[in-house]
Amino acid sequence: MEGKETKRTFSKKLTRRGDRDTAYQQTRDVEGGSGSPLKFPHDYPLRLVWKKGFVRLVLVAGIIWMLLIMVVLLLHVWSCQSSLAFFSAMCNRGGRVFIMLDTMGFVPKPPHRCSIPLANNVDKVAIAKERTPDVILEHLSYFEEDDNPNNGTEETTPLFGGHQSWAQRDQSFKLSKTMKVHCGFIHGGGAEMSPEDVDYVKKCKFVVASGIFDGYDVPHQPTNISQRSRELFCFLMVVDGVSLEFIKSNVTVKKDSDGGLWVGIWRLIPLKKPPYDEPRRNGKVPKILTHRLFPQAQYSIWIDGKMELIADPLLMLERYLWRGKHTFAIAQHKYHHSIYEEADAIKRRKRYARPLIDLHMKIYRYEGMQLWSILKNTASDVPEGAIIIREHTALNNLFSCLWFNEVNLFTPRDQLSFGYVVYRLGGAFKFHMFPNCEYYSLFVLHPHTREHSSKIEWVKDLKELKKENSKLKETRGGLGLWTPYPGDLNTVVLPPVARTSKAG
C-alpha cells in the first residue's frame with residue numbers, strides 16, 4: 001500500500017511539474033524563446049503604442065491644463081495688485097474667482113504704507129531758481145463783484161462764489177491766453193482775514209496750509225521738520241470763529257506783538273463771516289483756493305486738519321514736483337477710479353443728500369463724463385484730496401478756480417469734481433498722481449473730536465428739501481442743483497458701478 005501511495009504522489013508531482021514546464025514553454029514561445037516563432041496579432045504593436053501614448057498624452061495634457069489654470073489665477077491676482085493702469089483695469093474684485101482666492105489666502109494685501117524715496121539730506125535740496133513758465137495761460141484775473149441775476153430789479157445778497165451762469169461756466173473751460181473767471185472771494189461774500197493776517201501772509205512764498213471748521217479738530221504739530229523748512233515755510237491754519245473758540249479752550253494759544261495767534265508752529269488765520277452754512281463746504285475755501293488766500297505763495301502743500309504731517313515739506317516738494325518736473329501732485333484714491341464709484345460710496349456712507357449726489361452725477365454724465373478706463377491718460381479720476389502739493393502757476397490757479405466753482409455750484413464732495421474738471425480741460429492740465437501707499441506715509445491720522453455730520457447728509461428724497469421752510473436746504477452753496485439746467489436730465493441713466501470696498 002505504501003508503495004502505491006508513493007508512486008501516486010510522485011506521479012502527481014510529475015504532472016504538476018509537466019504543467020509548469022508546459023506553461024513556461026508557452027511563455028517562452030510568446031516571448032520568442034529558442035526555436036519558437038513570434039505569434040503576435042498583426043495589430044499588437046499598434047495597440048501597445050497607442051495605449052502607452054494615450055496614457056502619456058492624458059498625463060501631459062492634465063499637467064499643462066493645471067499649469068494654465070495656475071498661471072491665469074496668478075495673473076488675475078497680480079493684475080489686481082499692479083500699479084499699471086492696463087493690468088489693474090483687468091481686475092474684477094467683485095468676481096467670484098477673486099473672492100475665492102482672497103478667502104484661500106492667495107491674494108496679497110496691498111501695503112497701507114510704503115517707503116517714500118525722499119532725498120537723504122534736506123540741506124542739499126536745490127530749490128528751483130526759476131518758476132515754471134506760463135505758456136497756455138499767461139494772464140488770469142477774477143470776478144470780484146457779484147452779478148445780479150434779477151437784472152437789478154431785486155436786491156440780492158452777494159454770494160462768496162458769485163451767481164455764475166451756465167453760459168459763464170461753459171466759457172470758463174475754454175482756454176485762452178487771457179482769462180477772467182469766477183474764483184470765490186466776491187466782495188461782501190465772507191471769508192475775510194484780519195489786516196494783521198493779511199500783512200503776515202504777504203511774506204509767505206512757501207506755505208503749508210491746513211484748516212479746521214466747526215470745531216471738529218485741534219491743530220496737530222508736524223514732526224520731522226528740518227530747521228531749513230521751519231525757516232522757509234509759513235505754517236498757516238485757517239479756522240472759523242467756532243473752531244477758534246474751541247481751540248482756545250483745549251490747547252494753548254499764544255499771541256505775538258503784532259496780534260498774531262499761534263499754536264506751536266501753526267499761525268492761526270481766522271476767517272470772518274463763513275461764506276457757507278455747511279462746514280464741509282467752508283473747508284474747501286482754504287483747501288482749493290490756497291492761491292487766493294495767500295496770493296504771494298509760489299508753492300503750497302495742503303493737509304487736512306485732522307492730520308499730523310510727518311514728512312519734511314521741502315523734501316515733499318523735491319520728491320513730488322521738482323524731481324519729475326511736475327507742478328501739481330495729488331494721491332490716487334485707494335479704492336476708486338471712477339467718480340461714479342465714489343458717488344455710490346458717498347451715498348452709502350451718508351456724506352451728502354443722496355438725491356443731490358445723483359443729480360450732480362447726471363449733469364456730469366449729460367456733459368460727457370465717462371467711466372474711468374485704461375484708455376484715459378490719467379491713473380484715476382478720483383484723488384485722495386487730503387494732501388495737495390502744487391506750484392502756483394497760472395494754469396494750476398485756473399484749475400483750482402474751476403474745481404472750486406464746481407464745489408460751489410453742486411455738492412461739496414470735491415473728489416467728484418476733480419476728474420470732471422480734468423476732463424473738461426481736455427488734457428491741457430497736467431498733474432502727477434502718486435501711489436496711495438505713499439500718501440498714507442506722509443501723515444498720522446487723528447480722529448475728529450466729534451462726529452462730523454449735518455442734517456442734509458441724511459436726506460433721502462428731494463421732497464424733504466422742497467418742503468416749505470425746510471432748514472435742510474443750503475442757502476449759499478450748491479445753488480446749481482436748484483437752478484434750471486439747460487438740458488434734459490430725465491433721459492440720463494447713471495452707469496452701474498462695482499463696489500470695490502466695504503468702506504467705500
Side-chain angles (χ1 to χ4, degrees), residues 79-80 82-95 136 166-167 169-175 288 328 330-348 351-352 354-385 395 398-407 409-436 480-481 485-501 504:
S79 68
C80 293
S82 176
S83 60
L84 300 176
F86 175 80
F87 292 107
S88 62
M90 295 167 55
C91 173
N92 178 16
R93 293 178 180 272
I136 298 176
W166 294 114
R169 172 178 177 264
D170 189 62
Q171 184 64 32
S172 68
F173 292 110
K174 299 175 181 178
L175 295 174
I288 301 177
F328 193 108
I330 197 166
Q332 182 177 342
H333 195 279
K334 188 172 185 178
Y335 301 109
H336 305 144
H337 288 85
S338 167
I339 64 170
Y340 301 105
E341 290 178 300
E342 178 68 13
D344 177 73
I346 290 171
K347 290 190 295 182
R348 285 189 287 136
R351 289 297 182 259
Y352 201 70
R354 281 175 262 182
L356 296 183
I357 291 289
D358 284 338
L359 179 56
H360 188 181
M361 292 297 96
K362 282 189 174 184
I363 291 174
Y364 284 178
R365 186 67 170 173
Y366 181 87
E367 294 176 347
M369 184 66 183
Q370 301 296 319
L371 286 163
W372 180 87
S373 74
I374 58 175
L375 300 178
K376 291 191 174 184
N377 294 324
T378 58
S380 173
D381 286 336
V382 184
E384 289 281 11
L395 186 58
L398 173 66
F399 176 84
S400 297
C401 291
L402 301 182
W403 187 14
F404 178 81
N405 289 343
E406 297 299 295
V407 171
L409 276 174
F410 304 122
T411 69
R413 308 307 304 187
D414 55 80
Q415 289 168 307
L416 300 178
S417 304
F418 181 90
Y420 171 80
V421 178
V422 173
Y423 150 70
R424 287 299 302 268
L425 290 178
F429 175 68
K430 306 295 183 182
F431 64 98
H432 172 50
M433 185 168 271
F434 56 90
N436 185 268
L481 298 168
Y485 182 75
D488 184 10
L489 299 178
N490 293 324
T491 61
V492 177
V493 178
L494 294 178
V497 297
R499 294 179 175 177
T500 52
S501 72

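Remember, it's a predicted structure, so these values are computed and weren't measured experimentally.
Proximity of K347 to D358: side-chain heavy atoms (C-beta onward) are separated by under 4.5 Å at one or more points. Counting heavy atoms from C-beta on, the side chains of L425 and L402 come closer than 4.5 Å. When side chains are defined from C-beta on, Y340 counts as touching M369, because their heavy atoms get closer than 4.5 Å.
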Tell me, with the steps shown, if E406 and R424 meet salt bridge (charged side-chain N to carboxylate O under 4.0 Å, His left out). CA-CA 12 Å; E406 297 299 295; R424 287 299 302 268; over 6 Å; no
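Judged purely by atom type and a 3.5 angstrom limit, N436 uses its side chain to pair as donor or acceptor with the backbone of Q332. Using a distance-only test at 3.5 Å, with no hydrogens or angles considered, no donor-acceptor pair links the side chain of K376 to the main chain of Y423. W403 places a side-chain N or O within donor-acceptor distance of the main-chain N or O of D414, the cut-off being under 3.5 Å. Between the side chain of W372 and the main chain of H336, no donor-acceptor pair closer than 3.5 Å is present.
With values rounded to the nearest 0.5 angstrom, F173 atom CZ is found 7.5 Å from N405 atom CG.
Evaluation of the side-chain hydrogen bond (donor to acceptor under 3.5 Å, both in side chains) rule for S417 yields Y364 as partners, not counting sequence neighbours.
Classified by interplanar angle (parallel below 30°, tilted 30° to 60°, perpendicular above 60°), the ring pair F429/F399 is parallel.
Taking the six-membered ring for Trp, F418 and F431 have ring centres closer than 6.0 Å.
Under the 3.5 Å distance criterion, with hydrogens and angles disregarded, a donor-acceptor pair is assigned to the side chains of H360 and T411.
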